[in-house]
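Ligands are counted one by one from 1 in listed order, and the atoms in each one are counted from 1 as well.
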Amino acid sequence: MVVTAGPTRERIDPVRYLSNDSSGKMGFEIARAAAERGDQVILIAGPVDQKTPPGVIRVDVESARDMLGAVKTAFLGSESRAKGSFGKKGGDALFMAAAVGDWRPKRRLSGKWRAKDGGDEVASLELVKNPDILATVGRRKGSRLVVGFALETGSGLKRAMAKLNRKSADFIVLNNETALGANRTTVAILGKDGSRVNITNKTKRDVARALVQLHYSNSAPAE
Ligand code: CTP
């Protein structure tokens with residue numbers, strides 16, 4: 001099983017970056033739950049302060065493009081069997097719990113961005129779109145399980161359903177900003193078959209156990 005977790009970091013200059021508030025907790029709990037069930041797990045983590053769960057192979061990455069490379073190697077397969085790869089065959093399931101930055105600065109400055117250089121009160125940063133990791137590997141997943149997340153402010157059900165199709169996922173786990181950094185969470189698991197299971201105010205560990213179950217049943221768990 002391949003799991004991603006945490007934020008990505010997109011460098012502006014040697015000391016500054018764009019990122020988000022993801023703690024990585026949900027992804028780390030999914031990796032822990034899968035390893036406890038006996039799965040071989042590769043956990044691809046953005047910069048987070050989390051302990052690697054026992055038995056899990058962890059690959060640390062920084063940017064969205066680094067994460068895409070690591071996910072391709074682990075999930076789609078690679079010639080090498082080095083750490084972070086299951087070899088040619090790749091993974092059986094992918095859980096994309098990472099909060100991947102959609103944008104990165106068009107240019108990364110080699111030296112510090114100095115305020116005095118511009119002299120103006122307003123500055124702008126030109127951004128370019130990052131690759132969509134889930135959509136990229138979703139297209140090539142075949143019959144393997146792919147589970148994405150959707151963090152939506154407000155109800156977000158329609159937007160999450162659209163992501164399910166756009167990203168070729170089997171399931172999308174809908175949550176909202178209250179999940180960021182929290183130990184408990186409320187999610188709706190939306191299946192491409194139209195199924196919907198709500199899990200309300202449970203610990204991330206409990207939610208992770210329910211999600212890992214998708215790998216075994218390939219259908220939504222009972223609430
Ligand atoms: N995701 C990804 N690559 C990206 C952006 C998101 O793989 N560049 C994945 C996330 O890991 C998550 C899912 O896509 O599993 C949905 O992420 P989200 O940020 O909610 O959706 P976006 O596609 O970025 O749409 P928006 O931010 O506009 O809602």
(request) Find the distance between CG (L151) and OG1 (T178) and round it off to the nearest 0.5 Å. (result)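 Reported to 0.5 Å precision, the distance equals 8.5 Å.
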(message) Using 0.5 Å steps for rounding, measure from the CD1 atom of I42 to the OG1 atom of T4.
(response)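 Here the rounded value is 12.5 Å.
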(request) Quick one, list the residues around ligand 1 where some non-hydrogen atom comes in under 4.0 Å, by chain and residue number. (result)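 Near ligand 1, by chain and number: M96, A98, V100, D102, P131, D132, I133, L134, G148, F149, A150, L151, K163, R166, K167.
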(message) Under the side chain to side chain donor-acceptor pair (under 3.5 Å) definition, can you give me all pairs with a residue in residues 129-138, not counting sequence neighbours?
(response)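 As it turns out, the side chain to side chain donor-acceptor pair (under 3.5 Å) pairs with a partner in residues 129-138, which skip direct neighbours, are E10-N130, R104-N130, D132-K167.
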(message) Check K204 with E29, please: is the shortest side-chain N to carboxylate O separation under 4.0 Å?
(response)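 Salt bridge between E29 and K204, a charged N being under 4.0 Å from a carboxylate O: no.
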(request) Output, in order, the C-alpha distance, side-chain angles, deciding distance and verdict of side chain to side chain donor-acceptor pair (under 3.5 Å) for D193 and S195. (result) CA-CA 6 Å; D193 55 356; S195 63; 2.8 Å; yes
(request) Indicate yes or no for a side-chain donor-acceptor contact from S85 to the backbone of S80 under 3.5 Å, with no hydrogens or angles considered. (result)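 Looks like yes, one N/O pair under 3.5 Å.
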